[in-house]
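On a predicted model such as this, the values are computed, not experimentally measured, just so you know.
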Amino acid sequence: MDKNYPPREIEPRWQGFWEKQHTFKVSEESNQPKYYVLEMFPYPSGRIHMGHVRVYAIGDVIARFKRMRGYQVLHPMGWDAFGLPAENAAIKNKVPPAKWTDQNIAAMQDQMKALGLSFDWEREVATCKPEYYRWNQWLFIKMFERGLAYRKEATVNWCPDCATVLANEQVVEGLCWRCDSAVTQKALKQWFFRITDYAEELLSACDTLTGWPERVLTMQRNWIGKSQGVEVNFTLEDPSETLKIFTTRPDTLFGVSFMSIAAEHPLLPKIIAGRKEAPAVEAFVQNLLEQDLTVQTAVEQEKEGVFTGAYATNPLTGDKIPIWVANFVLMGYGTGIVMAVPAHDQRDFEFAQKYELPVKLVIQNETGDLALPLEAAHTDPTGTLVDSQQFSGLAPKSAQEKIMQYVEEKGLGKRETHYRLRDWGISRQRYWGTPIPMIYCENCGVVPVPESDLPIALPQDLPLGEGGNPLLKDENFLNTNCPKCNAPALRESDTMDTFVDSSWYFLRYASPKETEVPVNQGLANRWMPVDQYVGGIEHAVLHLLYARFFTKVVRDIGLINIDEPFSNLLTQGMVIKDGAKMSKSKGNVVDPNHLIQTYGADTARLFSLFAAPPEKDLEWSDDGVQGSFRFLQRVWRLVVAFAESQPALSSDPVDYSSTSTRVKNLRRLTHQTIKKVSSDIEEGYQFNTAIAALMSFYNGLSKDDADKAPSSAEALQHAAAFSQAINTLVILLSPFAPHLAESLWEILGKPASIMDVKWPDYDKSAILEESIEVVIQINGKVRHRFQAEAGTVDAVLQERALADPKTISWIDGKAIRKVFVIKGRLVNIVI
RNA sequence: GCGAGAGUGGCGGAAUGGUAGACGCGCCAGAUUUAGGAUCUGGUGGGAUUUCCUGUGGGGGUUCAAGUCCCCCCUCUCGUACCA
């Protein structure tokens, strides 16, 4: 038999075996508990990278472990296959996007299979297939019927390079999330999903997501951005208008000394009409609107503004308040007009300083030493209200409530809750996406495509790369008849944001071939929610928020009865090399194919799990890969050598109640390892320490040899214990290095497959220590140790510690003040 | 600014308030080998050296006992931002 570990020989063999045996096909006909583990599906770029290896290795260990623990495990894979790269590649290489995508899927599927990932490939989905995207269209129509999909003209984020609209979530610091071009603003008629209808539930349900990392929840909460406050009506006499402001600090209403209005505010032209200030205001506004988003959102943007010439009345004080246009007021948040309280808001303070506007102190701080002129705004809500009529003397918190009551009673305004979250713009002016299933009829207006006409298929073989959306030029696609009046009508030519595709794919895996509805109710309810979702932190807001939204919509349509899609979320770190994320431009990419060719898939998997805990970034190390390979090599040799000289043992259970220390040590190591590896996987996916425990297990076994021809009773016990240790090592290693485990299992003469073997339980009596090492501390410092029998009572440990000659010399005749005994661990003597 | 996380050997990383540095890499020594590689054995925080001192970003504190808990500060990473 070959003494050397031959990954290139065994890996393809077992991959073929699993495929032929349908080892990972999951059935619904079982009363075993279900477990749904899912890794975020990839974009089919054509090649997997180390980040993929890492995320799928994590998910695969979980899947294999749960399967051995007796769960029915759903572990599917698919392709997030619509999107711009296919279109760009098509233009460059003159290959249709569908063909390019199919080739990439085939190539990546081969690579995934070469990693030995335990996917149920019979459930594979690809979002670019009509049998998938027809359900995007179906869901869109249901959402349209429920008022959750609507069309409006809006100023939208436009990426000139991608020639399409972007959602707010896809604009990163004023740049396109995909290509880093500066995003501009454009007015277009667009389709939106009314995600804001779900803002409150999306926010409050964050509290139920106890299996999610806190930072992801924080990011979601911040993105939704709820703030509660009050809208107050300030009045303008000439022209007669009501100017609504929104504030979360009604306790500062008596300190308003000016107002700021957004440059795009629709009332602004009316306010300045006919005033001498109008030309200056118009010039200011013009200048501001010409800046692109990168400048508008720049960090150190200087606060600037210009006086409109108009004054509004503060309804609480009757004061005349000058109205300014200011560059820091956002039209998209609140009412687009803010009351300015320079004494208690830092931005207003800076603005007031620059333009020499009055500052009115209305909250005195706790020490009572605030006086004008202020150095900075007093912004935290502590202290006492002053100069605030009947509210003077109140603490800010209670004043907020009392003033809101007063405002509502007097009809001066009302309480409001605002969210930062905007509705999700999903129209894209691109070809390679799901056609939006709507028809424009001159008589009937906007009409949805009848369900029976779905899918509206994406036409093939359109000329790409001639600028703009090719669907707009395809007469066959565009021209249709109105489903209501049958008059000639036009189809919508926009396609959906690809994030729509990924917002419900996890539901589709429950019934991937269902032809009547997107998700089979019974099956979806059986499998959902996903018990463990694994993916990158970069989706903390975008994908995860949209997926939660869609889950709630599908629930409200009546297809599922769960509220949240993902019970537990694991966000794995990046794979980095030389301190930077692996990327082509940095030239620090490690190709998984090369790794698999050189060391095998099991080494690639083992290393990516061993080198760092899953949430942390993983620093790539060629030497570390070697180390993982060496470990597998050693295990291979140990098991092969054992198998060759394996004594024939009876299958009867062995009685270990009376045996030697050597056998007890061997069994203790075996069972302690079972305990450690199981709990490391189950409690927080600490794969790195689980693998370390397996290495220690190997180290212990390699120092102990099986007896070749056991004759005595002790030797028989030892041979049985050693045999069990070897079997255990192979079983515990199988989720991490499945090919190696299968081969070794075969070499040990066991029937295939090790995948069907039950994960072992540890024997509580076997892990008990016989003797313990007790540490003696003097004043908390470790001084020496002694051995004691396990279970020695505290009083005896104390007695022995105090009687020890070394202890006596350390105490040196001083009085003992106190002695602490920690059971079975240490004795601390305080002198 | 705000929010979250992190700071431990030469490196990746371990440590329910109770022996800091598990495991791996690297390095050192030895064995084997014609040699190299591979493999095996032993050692490896720093400083002294026999029985000691010191050490988890810095400074305080709580405790018999702190990498771990509390307070202040520094640095780094990620996210996010004129949100009224």
Under 4.0 Å between a side-chain N/O of Arg420(A) and OP1 or OP2 of U80(B), yes or no? no
Among G12(B), C53(B), C82(B), which nucleotide has an atom closest to any side-chain atom of Arg783(A)? C53(B)
Find the distance Ile691(A):CD1 to C25(B):P and express it as a whole number of Å. 13 Å
Which part of the nucleic acid, if any, lies within reach of Asp345(A) when heavy atoms closer than 4.0 Å are counted: base, sugar-phosphate only, or nothing? nothing
Could you state the atom-to-atom distance from CZ of Phe610(A) to C1' of A14(B) in whole Å? 10 Å
Distance in angstrom units between Asp622(A) CG and G12(B) P, rounded: 16 Å
Please classify the nucleic acid contact of Arg221(A) as base, sugar-phosphate, or nothing, using heavy-atom distances under 4.0 Å. nothing
Between Asn688(A) (CG) and A22(B) (P), how many Å, whole number? 14 Å
Does Thr807(A) form a side-chain hydrogen bond (donor to acceptor under 3.5 Å, both in side chains) with His784(A)? I'd like the steps, not just the answer. CA-CA 8 Å; Thr807(A) 308; His784(A) 59 282; 3.2 Å; yes
Below 3.5 Å, does any donor atom in the side chain of Glu773(A) face an acceptor in the base of U19(B), or the other way round? yes
Would you say G24(B) has OP1 or OP2 under 4.0 Å from some side-chain N or O of Asn699(A)? yes
Over 60° means perpendicular and under 30° means parallel, so tell me whether Tyr546(A) and Trp424(A) are parallel, tilted or perpendicular. parallel
Any side-chain N or O of Thr218(A) less than 4.0 Å from the OP1 or OP2 oxygen of G79(B)? no
Hey, does Gly627(A) reach any base, or is it just sugar-phosphate, or nothing, if we go heavy atoms under 4.0 Å? sugar-phosphate
When pairs are called at under 3.5 Å and a stem needs at least three consecutive Watson-Crick or G-U pairs, the stems of RNA chain B are B:1-7 with B:74-80, B:10-12 with B:23-25, B:26-31 with B:39-44, B:45-47 with B:52-54, B:57-61 with B:69-73
Hey, mind stepping through Thr379(A) and Gln346(A) against side-chain hydrogen bond (donor to acceptor under 3.5 Å, both in side chains) and telling me if it holds? CA-CA 7 Å; Thr379(A) 52; Gln346(A) 191 57 32; over 6 Å; no
Please classify the nucleic acid contact of Arg817(A) as base, sugar-phosphate, or nothing, using heavy-atom distances under 4.0 Å. nothing
Which part of the nucleic acid does Trp620(A) contact within heavy-atom distance under 4.0 Å: base, sugar-phosphate only, or nothing? nothing
Starting at atom NZ of Lys781(A), determine the distance to atom C1' of C64(B), rounded to an integer number of angstrom. 14 Å
Check against side-chain hydrogen bond (donor to acceptor under 3.5 Å, both in side chains), Gln626(A) and Tyr599(A): CA-CA 8 Å; Gln626(A) 280 265 5; Tyr599(A) 297 104; 3.3 Å; yes
Using a heavy-atom cut-off of under 4.0 Å over every strand shown, decide if Val216(A) touches base, sugar-phosphate, or nothing. nothing
Would you classify Gln633(A) as touching base, sugar-phosphate or nothing, given that sugar-phosphate means primed atoms plus P, OP1 and OP2, and contacts are heavy atoms under 4.0 Å? nothing
Can you measure Ile831(A) atom CD1 to C64(B) atom P for me and round it to whole angstrom units? 16 Å
Take Glu231(A) and His418(A) through the test side-chain contact (heavy atoms from CB on, under 4.5 Å) and record every step on the way to the result. CA-CA 10 Å; Glu231(A) 272 186 15; His418(A) 284 274; 3.5 Å; yes
Taking 5.5 Å and 30° as the limits, would you call Phe820(A) and the base of C64(B) a stacked pair? yes
Rounded distance (Å) that lies between atom C1' of U41(B) and atom CZ of Arg634(A): 12 Å
Side-chain donor/acceptor of Asp623(A) to base of C25(B), under 3.5 Å: no
Is the distance between the ring centroids of Phe258(A) and Phe351(A) under 6.0 Å? yes
Among G79(B), C82(B), U80(B), which nucleotide has an atom closest to any side-chain atom of Met219(A)? G79(B)
Using a 4.0 Å heavy-atom cut-off, does Pro613(A) contact any base of the nucleic acid, only the sugar-phosphate backbone, or nothing at all? sugar-phosphate
Hey, does Val775(A) reach any base, or is it just sugar-phosphate, or nothing, if we go heavy atoms under 4.0 Å? base
When you check the phosphate oxygens OP1 and OP2 of C64(B), does a side-chain N or O of Gln798(A) lie under 4.0 Å from one of them? no
For the aromatic rings, using the six-membered ring if either is Trp, is the centroid distance between Phe631(A) and Phe610(A) under 6.0 Å? no
Quick one: Arg215(A) CZ to G3(B) P, roughly how many Å, whole number? 16 Å
